[in-house]
Amino acid sequence: MSVTEFQLPAIATSTSPQVGLILGSGLGGFVDALDDTVSIDYEGIEGLPASMVPGHEGKLHLGSLGGVEIAVAQGRLHCYEGHTAAAAAAPVRLLHQLGISTLILTNAAGIVNANYKTGRWMLLSDHLNLARLSPLTGSATFIDQTETYSRDLRELLKAIASDSEDTKLYEGVYAWVNGPEYETPAEIRMLRSLGADAVGMSTVPEAIQARALGLRTIALSCLTNFGAGLSRQLLSHGDVIEVGHQATTQLFKLLESAVPAMVEI
Ligand code: HPA
């Protein structure tokens with residue numbers, strides 16, 4: 001894989017972020033709280049397709065968080081839009097090209113574990129790749145996935161979250177489904193019996209790509225809704241975005257303390 005897959009404007013190549021963050025649906029407000037941010041439209045980055053989904057803006061933001069240089073990809077590409085898994089993982093290769101060593105993936109997800117509450121965050125301990133797609137297809141790259149999500153970084157995040165009053169962090173298994181339609185109640189019951197705690201339509205291609213590139217990775221799901229059949233409410237993309245907006249402050253507070261500590265270990 002080429003290390004110069006993307007042609008970046010000079011403003012981007014003059015920074016050296018240590019940490020990369022990919023924002024999920026409804027979490028775009030995160031960037032407003034960053035310090036000293038420079039923003040570049042995805043259209044200005046050669047090699048990166050533009051995403052068209054409402055709620056995804058398609059921008060790379062370079063700024064700092066808790067005194068650490070951070071690159072934030074706002075707007076991701078999904079396989080349900082017709083992108084390959086390799087294209088969906090392009091923002092990870094972009095952040096890697098910028099020089100990050102630690103990656104934080106975020107997403108909006110539906111609850112599968114009925115003990116969970118909406119509006120809260122789940123740290124991914126592991127995933128189920130039920131879309132059965134891979135960003136590594138065509139490359140015979142036989143990576144190990146025993147610890148796709150860094151145990152050390154998870155322990156750190158849990159310790160920081162347990163000291164905070166506003167962030168209750170679950171830890172569980174994320175099931176990646178292709179979408180774009182939400183699941184049926186029978187599918188949610190099936191996902192639970194397979195060991196999933198949450199379900200969503202992203203993140204896994206990026207986590208696999210990050211593993212292949214040797215990035216230390218963690219991922220966080222914003223639990224925006226109960227999976228189909230677990231509540232009486234019907235699912236809507238608008239509600240997912242709205243809950244994501246509300247939970248963004250919690251994420252920001254957590255990462256503001258966690259990011260400086262993450263680059264130290
Ligand atoms: N299912 C799949 N993806 C999702 C959901 C869901 O319930 N909520 C947010 N993303």
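Order of appearance sets the numbers: ligands from 1, and atoms from 1 within every ligand.
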Student: Evaluate the ring planes of H127 and Y149, with Trp represented by its six-membered ring, and classify them as parallel (under 30°), tilted (30 to 60°) or perpendicular (over 60°).
Tutor: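 Judged by the thresholds at 30° and 60°, the geometry between H127 and Y149 is perpendicular.
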Student: With hydrogens left out, which residues have an atom under 4.0 Å from ligand 1, given that only heavy atoms count?
Tutor: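 Shell around ligand 1 (4.0 Å, heavy atoms): A108, A109, G110, Y182, E183, V199, G200, M201, T224, N225, L235, V240.
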Student: Taking only Lys NZ, Arg NE, NH1 and NH2, and the carboxylate oxygens of Asp or Glu, determine whether D152 and R216 approach each other closer than 4.0 Å.
Tutor: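 No, this pair does not count.
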Student: Quick one: list whatever passes salt bridge (Lys or Arg N to Asp or Glu O under 4.0 Å) with E256, sequence neighbours left out.
Tutor: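 Salt bridge (Lys or Arg N to Asp or Glu O under 4.0 Å) check on E256 returns nothing, list empty.
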Student: If we count only N and O atoms by modelled type, under 3.5 Å, do the side chains of R211 and Q145 hold a donor and an acceptor together?
Tutor: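 Result is no, nothing qualifies.
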Student: Whether the H61 and S39 side chains hold a donor-acceptor pair (N or O, under 3.5 Å, no angle test) is what I'd like checked.
Tutor: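 Per modelled atom types, H61 and S39 side chains form a pair under 3.5 Å.
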Student: Tell me if the CD1 atom of I265 is crowded by more than 12 foreign heavy atoms within 6.0 Å.
Tutor: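 It does: I265 CD1 has more than 12 such atoms within range.
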